[in-house]
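Okay, structure first, notes after.
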Amino acid sequence: CPMLSGLARAAALRLGAPCARWLGSRAGVPAHVVDLRSDTVTRPGPAMRRAMAEAVVGDDDYGEDPTVRELQERAAQLLGVEQTLFVPTNTMANLICVMGHCRRRGSQLLLGQECHLHVYEQGGVAQIAGVHSHLLPDLPHGTLDLDELERVITRGLGNPYHPVCELVCLENTHSSSGGRVLPIDYLRQVHLLAQSHGARVHLDGARLMNAAVALRVPPARIVEHCDSVSFCLSKGLGAPVGALVGGPKDFIQEAWRLRKALGGGMRQAGVLAAAALVGLAEAEEELSRDHENARRFARGLQALASPHCSVNPAAVETNMVLVKVVGLPAADLCQRLQAVSPDEVAQTGHAVRVLLFPWTEQSVRAVWHRDVSTQDTELALRKWEFVLRQLGP
């Protein structure tokens with residue numbers, strides 16, 4: 001990063017690139033970076049790096065990596081499923097599950113219009129699996145209307161003009177709703193509804209552990225209402241790579257074949273599985289802290305009573321805070337939060353760069369993770385206060 005050209009350096013600052021944390025500040029004071037863009041930006045800590053370096057490995061594509069096997073067995077117990085399979089990404093895990101359930105080309109998948117699988121996974125279910133997605137409106141809590149769900153599921157039954165629904169996909173926690181947790185009774189109702197009409201339920205559990213910690217239940221209590229689950233290891237759990245597919249034994253045997261077809265078979269993957277095992281061991285304590293820091297920030301931002309932004313602390317259930325922005329584009333606010341000026345140092349005694357992405361044109365999503373401490377949270381809040389004060393009434 002010190003070798004970046006002036007143009008590249010400006011681009012790094014504008015985009016909030018990770019290397020920008022070493023670029024200092026124009027105020028002459030080293031800038032402290034608080035990265036709230038996503039919980040995917042975490043870096044392995046000493047214990048995780050040590051576990052990776054010391055991992056016992058084998059060829060996982062042959063099923064011979066003992067550390068991968070340990071991870072898969074431990075995860076199966078945690079999720080309450082017969083087996084799990086280690087894959088490179090949660091996007092691949094979701095695609096494998098859709099392909100495993102929807103064996104006929106043209107099968108119908110029902111899912112929310114703002115869910116991650118539809119918006120952020122490049123339409124893989126269509127371009128690779130040949131599956132037809134039918135989108136349903138997301139309710140504010142991240143749920144789907146059960147009456148509308150039943151109407152669409154039953155429309156294709158015995159009707160040659162409509163695709164047949166094979167699968168319903170849910171996301172828990174629901175990212176686009178600000179990390180909201182799907183109620184267990186709702187999951188039960190969706191599962192019963194799908195089963196009664198011959199369909200199955202897949203849970204995109206990229207942040208399943210966040211949901212379990214928020215509900216104070218074992219993850220298995222959530223997964224029991226689904227036919228398959230994906231489980232990301234590189235978000236709140238802090239591992240650098242990886243996800244798991246969970247389900248019945250015969251489903252995972254087919255998932256193994258699909259993983260190979262998609263290029264996801266790995267060799268000495270134990271170095272990655274070892275990091276995931278550390279993340280699992282620390283999950284409850286780390287995620288609880290993340291949730292509390294997110295709530296602390298939301299309460300503090302609300303207390304500023306700025307006309308330029310608003311937040312609902314009651315909607316902060318896990319590690320995400322959605323902030324509504326008024327009077328300027330969200331992208332402009334993000335740029336102001338990243339910039340450091342002499343006035344900031346003079347007035348606050350700190351040079352702080354808060355990295356954020358605009359979520360929509362008029363909203364910002366902030367995401368807490370293990371690399372953001374309580375002190376970082378307070379510094380971020382003070383930076384928001386400074387920026388909002390500069391904007392005036």
* Nearest-0.5 Å distance, CG of residue Leu149 to CG of residue Asp145 -> 8.5 Å
* Flag side-chain contact, heavy atom, 4.5 Å: Leu272 against Phe86 -> yes
* Asked: Does Arg299 come within less than 4.0 Å of Glu292, counting only side-chain N to carboxylate O?
  -> yes
* To do: Flag the pair Asp250 / Gln83 as yes when at least one side-chain heavy-atom distance between them is below 4.5 Å, and no otherwise.
  => no
* Check: Ala330 main-chain N/O paired with Gln362 side-chain donor or acceptor under 3.5 Å -> no
* **hydrophobic_cluster_shared for Val223 and Val217, side chain cutoff 4.5 Å** => yes
* Is a donor on one side and an acceptor on the other found under 3.5 Å between the side chain of Thr84 and the backbone of Gln72? -> yes
* Asked: Among the clusters formed by ILVMFWY side chains lying less than 4.5 Å apart, do Leu277 and Val241 turn up in the same one?
  -> yes
* To do: Could you tell me which non-hydrogen atom of Ala351 sits nearest to which non-hydrogen atom of Val340, and how far apart they are?
  => CB-CG1, 3.5 Å
* **Member of Arg370, His369, Gln375 meeting the side chain to side chain contact (heavy atoms under 4.5 Å, CB included) criterion with Val372** => His369
* **Sole residue of Asn210, Asp290, Thr377 in side-chain hydrogen bond (donor to acceptor under 3.5 Å, both in side chains) with Trp368** => Thr377
* Measuring from Leu322:CG to Ser177:OG, what's the distance to the nearest 0.5 Å? -> 8.0 Å
* To do: State, without any angle test, whether Asp371 and Thr42 hold a side-chain donor-acceptor pair at a distance under 3.5 Å.
  => no
* Check the pair Ser228 / His202 against side chain to side chain donor-acceptor pair (under 3.5 Å), numbers first and verdict last. => CA-CA 5 Å; Ser228 64; His202 168 64; 2.8 Å; yes
* Asked: Will you find, in the side chains of Ser373 and Asp376, an N or O donor that is under 3.5 Å from an N or O acceptor?
  -> yes
* According to a 4.5 Å side-chain heavy-atom criterion applied to Ile, Leu, Val, Met, Phe, Trp and Tyr, with indirect links allowed, do Val364 and Val33 form part of one hydrophobic cluster? -> no
* Is Glu70 salt-bridged to Arg74, going by a charged N under 4.0 Å from an acidic O? -> yes
* Parallel, tilted or perpendicular: which fits the ring planes of His134 and His132, with parallel below 30° and perpendicular above 60°? -> perpendicular
* Would you call Gln302 and Ser310 a side-chain contact if the rule is heavy atoms closer than 4.5 Å? -> no
* Share the residues that join Leu262 in a hydrophobic cluster, the rule being Ile, Leu, Val, Met, Phe, Trp or Tyr side chains under 4.5 Å apart at the heavy-atom level. => Leu85, Val87, Met92, Leu95, Ile96, Val98, Met99, Leu109, Leu111, Leu117, Val125, Ile128, Val131, Leu135, Leu167, Val245, Phe251, Ile252, Trp256, Leu258
* Heavy-atom distance under 4.5 Å between the side chains of Leu146 and Tyr186, does that happen here? -> yes
* Asked: Parallel under 30°, tilted from 30 to 60°, perpendicular over 60°: which one fits the rings of His191 and His225?
  -> perpendicular
* To do: Please answer whether the main-chain N or O of Val321 pairs with a side-chain N or O of Arg365 as donor and acceptor at a distance below 3.5 Å.
  => no
* Asked: So which of Asp138, Leu182, Leu136, Leu170 actually passes side chain to side chain contact (heavy atoms under 4.5 Å, CB included) with Thr143?
  -> Leu182
* Where the side chain of Glu317 meets the backbone of Val181, is there a donor-acceptor pair that is under 3.5 Å apart? -> yes
* For the side chain of Glu254 and the backbone of His101, is there at least one donor-acceptor N/O pair under 3.5 Å apart? -> no
* Under a 4.0 Å N-O cut-off, is there an ion pair linking Arg289 with Glu286? -> yes
Between side-chain atoms of residues 383-393 and protein atoms elsewhere (two or more places apart, or another chain), which donor-acceptor pairs fall under 3.5 Å?
| from | atom 1 | to | atom 2 | distance (Å) |
| --- | --- | --- | --- | --- |
| Lys383 | NZ | Leu337 | O | 3.2 |
| Lys383 | NZ | Ala339 | O | 2.6 |
| Lys383 | NZ | Glu344 | OE1 | 3.1 |
| Lys383 | NZ | Val352 | O | 2.3 |
| Glu385 | OE1 | Arg382 | NE | 2.8 |
| Glu385 | OE1 | Arg382 | NH2 | 3.2 |
| Arg389 | NH2 | Gln347 | OE1 | 3.3 |

* To do: Answer yes or no: is there a donor N or O on one side and an acceptor on the other, between the side chain of Glu171 and the main chain of Ser175, under 3.5 Å?
  => yes
* Validate the cation-pi geometry between Arg267 and Tyr62: distance from NZ or CZ to the six-membered ring centre under 6.0 Å, angle to the ring axis within 45°. => yes
* With rounding to the nearest 0.5 Å, note down the distance linking CZ in Arg43 to CG in Asp35. => 8.5 Å
* Counting distance only, does the side-chain N/O of Glu64 pair as donor-acceptor with the main-chain N or O of Asp59 below 3.5 Å? -> no
* **Co-members of the apolar cluster containing Leu157 [side chain, <4.5 Å]** => none
* To do: Could you tell me whether the side chain of Arg37 and the main chain of Phe357 form a donor-acceptor pair under 3.5 Å?
  => no
* To do: With rounding to the nearest 0.5 Å, note down the distance linking SG in Cys334 to CG in Leu36.
  => 10.5 Å
* Asked: Do any N or O atoms from the side chain of Ser288 and from the backbone of Glu285 form a donor-acceptor pair under 3.5 angstrom?
  -> no
* Electrostatic pair Glu150-Arg155, nearest N-O below 4.0 angstrom -> no
* Structure fact -> The reported gap from SG in Cys169 to CG in Leu110 (rounded to nearest 0.5 angstrom) is 10.0 Å
* Structure fact -> When rounded to the nearest 0.5 Å, the distance separating CG of Asn319 from CZ of Arg207 is 6.5 Å
* Asked: Given the rule that I, L, V, M, F, W and Y join up when any side-chain heavy atoms are under 4.5 Å apart, are Val34 and Val323 in one cluster?
  -> yes
* Check the surroundings of atom CD in Glu361: do more than 12 heavy atoms from other residues, nucleotides or ligands lie under 6.0 Å from it? => no
* Does Val68 offer a backbone N or O that forms a donor-acceptor pair with the side chain of Asp65 under 3.5 Å? -> yes
* Test side chain to side chain donor-acceptor pair (under 3.5 Å) on Glu121 and His116 and set out the steps. => CA-CA 7 Å; Glu121 299 181 15; His116 194 282; 2.8 Å; yes
